[in-house]
Amino acid sequence: GAGVSQSPRYKVAKRGQDVALRCDPISGHVSLFWYQQALGQGPEFLTYFQNEAQLDKSGLPSDRFFAERPEGSVSTLKIQRTQQEDSAVYLCASSLGGGGYEQYFGPGTRLTVT
Amino acid sequence: DAKTTQPTSMDCAEGRAANLPCNHSTISGNEYVYWYRQIHSQGPQYIIHGLKNNETNEMASLIITEDRKSSTLILPHATLRDTAVYYCIVRVARGSQGNLIFGKGTKLSVKP
């Protein structure tokens with residue numbers, strides 16, 4: 001069955017460029033999460049959506065990071081004026097709801113800023 | 001910060017049981033223990049979770065001590081495909097948005 005998909009799988013950006021990372025969650029999943037994973041570390045929470053509403057963006061590292069989910073399905077994470085420290089794997093996860101529902105993760109987008 | 005402590009790495013022989021420990025001495029009464037694993041170049045994958053009783057599913061067993069301060073994930077017959085980083089996470093199951101707080105996990109290497 002269709003799981004969570006993310007595109008592109010790999011992205012190389014020059015410092016200062018803007019990038020947009022896409023997440024297609026499992027159909028019908030209300031909750032959507034973005035995580036950032038640095039090399040050798042566990043994923044770290046960035047932001048959370050319930051349908052189209054962004055209920056928590058406390059993990060976004062700076063105002064250069066912006067996420068949206070306008071129709072409560074596909075989500076886009078945008079990073080403006082990328083910096084080298086933004087290099088990481090960006091993971092998207094969806095679940096039926098919040099709380100203890102199992103989260104299904106996509107394969108991630110590996111962003112390299114040169 | 002993660003509320004769990006796990007060994008950095010472990011080895012296991014193929015076909016043997018892999019026992020992965022986790023300490024969570026500050027766990028609250030309404031927090032569950034969850035296990036996820038991450039195979040190289042993939043996103044994390046849910047394995048199992050429990051509150052205070054031992055749990056078993058097709059992937060693994062979860063043993064939680066009576067005082068709930070530690071737990072063990074058991075893969076009964078490890079295969080090479082079980083080589084991954086295993087994350088033990090404590091989280092509230094109800095009334096929260098549910099974002100996961102990962103630590104560094106245990107890197108399990110299953111060897112032939």
Side-chain angles (χ1 to χ4, degrees), chain A residues 3-10 21 23-26 29-51 53-60 67 69 88-110 112, chain B residues 1-9 20 22 24 27-53 55 57-60 62 84-108:
Chain A
V4 177
S5 61
Q6 293 186 245
S7 60
R9 289 294 315 276
Y10 303 92
L21 312 180
C23 171
D24 283 80
I26 294 173
H29 277 195
V30 168
S31 296
L32 187 144
F33 303 82
W34 283 98
Y35 295 84
Q36 179 191 58
Q37 186 171 24
L39 192 64
Q41 304 295 316
E44 291 192 358
F45 169 75
L46 292 177
T47 187
Y48 163 65
F49 289 86
Q50 186 179 84
N51 295 307
Q54 188 176 20
L55 298 186
D56 187 347
K57 50 183 180 179
S58 63
L60 296 176
R69 193 185 185 199
V89 175
Y90 291 86
L91 293 159
C92 174
S94 71
S95 67
L96 281 171
Y101 282 99
E102 175 184 345
Q103 291 186 22
Y104 295 83
F105 284 80
T109 294
R110 181 177 295 278
T112 303
Chain B
D1 289 349
K3 295 178 65 174
T4 61
T5 305
Q6 300 177 251
T8 302
S9 63
L20 292 93
C22 179
H24 32 79
I27 192 170
S28 301
N30 62 345
E31 288 181 316
Y32 287 65
V33 180
Y34 282 73
W35 284 83
Y36 280 73
R37 74 178 183 183
Q38 188 172 23
I39 295 169
H40 185 62
S41 294
Q42 296 183 22
Q45 175 192 24
Y46 166 82
I47 302 173
I48 198 168
H49 76 281
L51 182 63
K52 53 184 177 182
N53 297 320
E55 302 288 344
N57 62 20
E58 65 278 3
M59 289 183 69
L62 174 61
V85 177
Y86 288 76
Y87 296 99
C88 171
I89 298 166
V90 297
R91 69 192 287 222
V92 176
R94 293 185 178 85
S96 73
Q97 68 190 32
N99 49 289
L100 300 169
I101 301 175
F102 292 84
K104 293 189 176 182
T106 296
K107 183 170 183 176
L108 176 68

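In what follows, chains carry the letters A, B, and so on, assigned in the order in which the sequence lines appear, proteins first and then strands, with residues in each chain numbered from 1.
The OH atom of B:Y34 sits 9.0 Å away from the CD atom of A:E102 when rounded to the nearest 0.5 Å. We find the CZ-CZ distance between B:F102 and A:F45 to be 12.0 Å, quoted to the nearest 0.5 Å. Taking CD of A:Q103 as the reference point, atom OH of B:Y36 lies at 5.0 Å (rounded to 0.5 Å).
More than 12 heavy atoms of other residues, nucleotides or ligands sit less than 6.0 Å from atom OH of B:Y46. More than 12 heavy atoms of other shown residues, nucleotides or ligands fall within 6.0 angstrom of atom CZ in B:R91. Counted within 6.0 Å of CD on A:Q54, heavy atoms from surrounding residues, nucleotides or ligands total more than 12; the atom is thus considered enclosed.
Put simply, of A:G59, A:G42, A:G40, A:P43, the one with the most heavy-atom pairs under 4.5 Å next to chain B is A:P43. Contact count versus chain A (heavy atoms, under 4.5 Å) is highest, among B:G98, B:G103, B:S41, for B:G98. Options B:Q42, B:K104, B:K107 differ in how many heavy-atom pairs under 4.5 Å they form with chain A, and the most are formed by B:K104.
Under the 4.5 Å side-chain criterion, counting only non-hydrogen atoms from C-beta, B:Q38 is not in contact with A:F105. Counting only heavy atoms from C-beta outward, the side chains of A:Y35 and B:P44 never approach each other to under 4.5 Å. Side chains of B:L100 and A:F33 form no contact here, defined as non-hydrogen atoms less than 4.5 Å apart.
For B:Y87, the part sitting under 4.5 Å from any heavy atom of chain A is the side chain, from C-beta outward, and nothing else. Only the side chain of A:R9 has a heavy atom closer than 4.5 Å to any heavy atom of chain B. Only the side chain of A:Q37 comes within contact range of chain B, with heavy atoms under 4.5 Å apart.
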